[in-house]
J.: 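Take this structure, written in structure tokens, and hold onto it; I'll ask about it next.
Just so it is clear, the model here is predicted, and its values are computed rather than measured. So that the names make sense, note that chain A is the first sequence line, chain B the second, and so on, each numbered from 1.
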Amino acid sequence: MMTFKKKTTVVLSLLAAMTAGSVLAAPPALPKDGSWGSGAGDANFDTMMQSGFQSKGIATTERLKQDPTQKLCSNPTTIYSAKNTALREKLQGENEASIKYPSNGNWLGNWKNGEKIAQSGKGLTWSDKAGEANGGNCYNCHQITKEELAYGTIGPSLYNYGKLRGNSEETIRYTWGKIFNAKATNICSLMPRAGAMGVLNEDQIRDLMALLLDPESPVNK
Amino acid sequence: MNTNTTRFDRRQILKAASGLGLVALGTSMVPSMAFAAWNKAAFEAKGMSDTYNALGAGSPSNSNDIQIVASDIAENGAVVPVTAVSKIPNTEQISILVEKNPSALAALFDLTADVVPEITTRIKMGQTSNVTVLVKAGGKYYTATKEIKVTLGGCGG
Amino acid sequence: MANPMKIRATNKDGITEIKILMNHEMETGQRKDASGNLIPAWFINEVNVDLNGKSVLKAEWGPSVSKNPYMAFKVKGGKAGDKVVCTWTDNKGDKRTDEATVS
Amino acid sequence: MRAPHIKASLFVVIALAFSVSSQAQQDSTSAGIEAYREALQDGNPADLYVDSGAEIWKKKAGPKEASLEKCDLGLGPGKVKGAYAQLPRYFKDTNKVQDLESRLLTCMEKLQGVDTTEIVKAAFSSPKKADLVALSAYISAESKGMKVKVSLAHPKERQMYDLGRRLFYYEAGPYDFACATCHGQDGKRIRLQDLPYIPSAEGAAKGWTTWPAYRVSSGQMWSMQWRINDCFRQQRFPEPIYASDVTVAISSFMAGNSNGSVMQTPGIKR
């Protein structure tokens, strides 16, 4: 019995190894100290970046300049290192302070508009024009309504968002903050800071809020 | 990135549809050149029954002997692979129709007796639609239908 | 002039499988160019395939066949060395013929 | 004390029930998409570009009325077979690490006497870049079925890889995007497109070994440079300059990670 089990395990793990394609050698590991390798220090990297990009349309080379949050989040080895604890807390506080809550006291707009914004991935590329309304890119990463099958999975599912969480003042405020600046709650969140970076305006955020929280929204059906 | 649309945004739908060239203008832009064989009326007909009429198919009956081999979902409407298989004896013609395209008829194949009645091709679909395979066999017409969903791809920029 | 097609034909157990990839825009006549003008329809509308000098299949197409059309089918009979000839005609009257040998 | 507890477990049950049905829906969608991709594999229009690329390779052009047949892609002048599977690599004559397209520019300049300034500036869809796109289809096809074997042994090769890796994690722009935002985790997708996890060998291979590719959405053949260019566009970055070190570095990172995997080029994509 034991031998059989062993054999099966070996065969199974072999199969798993084959299907996972782990015959490939592991790529070179990142240095543990947070550096990038001797040839990829700041001077060489900056030279490459400055000579390798050009402004096109609205996407100018200005965009390559990082703010302190982007800089921190660009090194996976050191984001959560102890020496960066103070910096993380400071930056998280700054991101939190950037959140502007609704000026007119209205938190929820029109969920139908919100759905359009969630669907649209347009905006701010070099092929987009200045002054056009940006999309929210939401479906790229989240499931939202049940009807839309083409949704991404980088972020959590938001289907039944309001139904599951209710619409207490706390939930509403939290949700607004998350859309406005996701890095206020999670410093290196992968979600764009839609409000803080001026991607979406206050009305658009209100409409997205309605999509998530309005009981009439298909999200909560 | 490409033909990304929202089902709620009409402007975008139109834009995407025009990207595929499938807005409801029909084939009015087709230069009218005379062709001996090409069935202009059938390719310009709107809707299923008009197309059937133009093909002389009348009201074809459903047949379980026709198979449509295609994925349930197409990642892009610009290229939808479809294989039409007929097990009906004496199959002489196979056509592929997309109900919601501006002109339903996409392609028609006349087969000689030597051809195995199994044709693969690729068609454009402007939106999620029923796809019908129409088979002419022994002078009679038969159909089978399958829905193919057309989804959105890319990041939608 | 139109670009060449790619024809592959193989015989296995007395059945010849023919796969043809054509080089064509298949423009629908409903798309607009950058300055907003309609791009005229331009598509293959007739196809004929000969196996050993005998027509085995004729197709009629509309503009909703995909760009760079692909077509695959099987013919009973044929053998290695046989000749497959495909000719298409488009709605502008352009024409292209290519051939391949069954392997 | 009791009520909140019940509420909480109810929440868990609902959440679980939901995640199960959502998973099922996701699976059937994925299966449908998988079938679609499978059906595309036969009859890849990229083959049409492979043929025209082979013609362009042999055609005399430029002020020197020469073909590219003596171009050294790393395996010696005129050796095309297997060359793509070993690019990018260090070239002694230019003292640079080059990918296929930057190397082709070198050959056009040296062998044909072509001034490539306008080609570099031209849009990817412009006829000026069409030759390079077709050539990349042809040359990549000549490595189909071969294993990726990209050297990181030369200090400049290793440097290019390291620079590419650093660029991969570089976050900037109005959306805070880095390559890693989408390609830094395993098993995720954007809309319905699976996102390869580029820092892993398997993930890098999914991308690297299937480009250049024919894109059915646009009905265009895309070279690797074109693919990378559009990634940066979606990232809301400024435009990477054609054949610049930025583009070679990110290619070195992908190619270096996918060493040992099998080239399936040219591919066909959504």
Side-chain angles (χ1 to χ4, degrees), chain A residues 20-28 30 36-40 44-45 48-49 51-56 59-66 69-71 73-76 121 123-127 137 139-141 143 146 149-154 157 159-160 164 183 190-193 197-199, chain D residues 11 14-15 18-19 22 25-26 29 152 155-156 158-163 165-167 169-178 180-182 184-185 187-193 195 199-202 204-205 232-234 236-241 244-247 249 256-261:
Chain A
S22 57
V23 282
L24 299 178
L30 270 167
W36 295 97
S38 59
N44 286 339
F45 185 74
M48 175 184 83
M49 295 298 277
S51 64
F53 286 97
Q54 62 194 5
S55 297
K56 184 169 182 178
T60 66
T61 49
E62 276 297 297
R63 290 190 181 179
L64 294 174
K65 287 187 187 146
Q66 295 177 310
T69 301
Q70 292 171 333
K71 193 166 185 213
C73 299
S74 293
N75 191 332
L124 297 172
T125 73
W126 67 61
S127 45
N137 280 287
Y139 278 103
N140 285 347
C141 300
Q143 181 184 37
K146 210 166 61 181
L149 298 176
Y151 59 87
T153 58
I154 296 173
S157 171
Y159 178 62
N160 277 0
L164 292 169
K183 288 170 172 71
L190 300 176
M191 182 165 149
R193 294 172 283 184
M197 298 293 264
V199 177
Chain D
F11 178 88
I14 291 167
F18 167 67
S19 75
S22 157
Q25 184 194 42
Q26 194 176 322
T29 307
L152 301 178
K156 289 212 170 190
R158 182 56 203 244
Q159 179 185 22
M160 208 46 118
Y161 174 91
D162 286 343
L163 285 166
R165 180 164 61 188
R166 184 164 178 177
L167 171 60
Y169 291 103
Y170 190 85
E171 200 183 293
Y175 286 26
D176 301 328
F177 282 162
T181 307
C182 288
Q185 303 172 78
K188 300 290 178 184
R189 64 179 212 212
I190 190 157
R191 287 282 187 171
L192 283 174
Q193 275 68 51
L195 294 162
S200 78
E202 293 77 19
F232 281 115
R233 187 183 68 86
Q234 300 276 5
R236 275 72 184 179
F237 270 41
E239 185 177 40
I241 294 168
S244 64
D245 280 356
V246 159
T247 62
N257 288 346
S258 52
N259 261 328
S261 56

J.: Will you find, in the side chains of D:Y161 and D:N257, an N or O donor that is under 3.5 Å from an N or O acceptor?
T.: yes

J.: Name the orientation class of the two ring planes belonging to D:Y170 and D:F237 (parallel below 30°, tilted from 30 to 60°, perpendicular beyond 60°).
T.: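 If you compare the ring of D:Y170 with that of D:F237, the planes turn out perpendicular.
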
J.: So how far is it from D:K188 NZ to A:L190 CG, rounded to the nearest 0.5 Å?
T.: 9.0 Å

J.: Among the options A:L64, A:N75, A:T60, pick out the one with the most heavy-atom pairs lying under 4.5 Å from chain D.
T.: A:L64

J.: Mind ranking D:A204, D:G187, D:S244 by heavy-atom pairs under 4.5 Å with chain A and telling me who comes out on top?
T.: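 The candidate making the most pairs under 4.5 Å is D:S244.
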
J.: Heavy-atom pairs under 4.5 Å with chain A: which of D:L167, D:L195, D:N259 has the most?
T.: D:L167

J.: Against chain A, work out which of D:Q159, D:R158, D:Q185, D:R165 has the most heavy-atom pairs shorter than 4.5 Å and name it.
T.: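 Most pairs with chain A among the choices: D:R165.
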
J.: Looking only at non-hydrogen atoms, find the nearest pair between A:W126 and D:E239 and report the distance.
T.: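 Scanning both residues completely, I find the closest heavy atoms to be CZ3-CA, 3.3 Å.
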
J.: Tell me, for A:K71 versus chain D, whether the close heavy atoms (under 4.5 Å) come from the side chain, the backbone, both or neither.
T.: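 For A:K71, no heavy atom lies under 4.5 Å from chain D.
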
J.: Would you call the rings of A:F53 and D:F232 parallel, tilted or perpendicular, taking 30° and 60° as the class edges?
T.: perpendicular

J.: Would you name the heavy atoms of D:Y169 and D:P199 that are closest together and state the gap between them?
T.: OH-CG, 3.6 Å

J.: Taking every non-hydrogen pair under 4.5 Å, which of A:E62, A:Q66, A:K65 racks up the most with chain D?
T.: A:Q66

J.: Determine the option with the most heavy-atom pairs under 4.5 angstrom with chain D, choosing from A:A59, A:S38, A:S74.
T.: A:S74

J.: Among D:A172, D:S200, D:G260, which residue has the highest count of heavy-atom pairs closer than 4.5 Å to chain A?
T.: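 Going by pairs under 4.5 Å, I would pick D:A172.
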
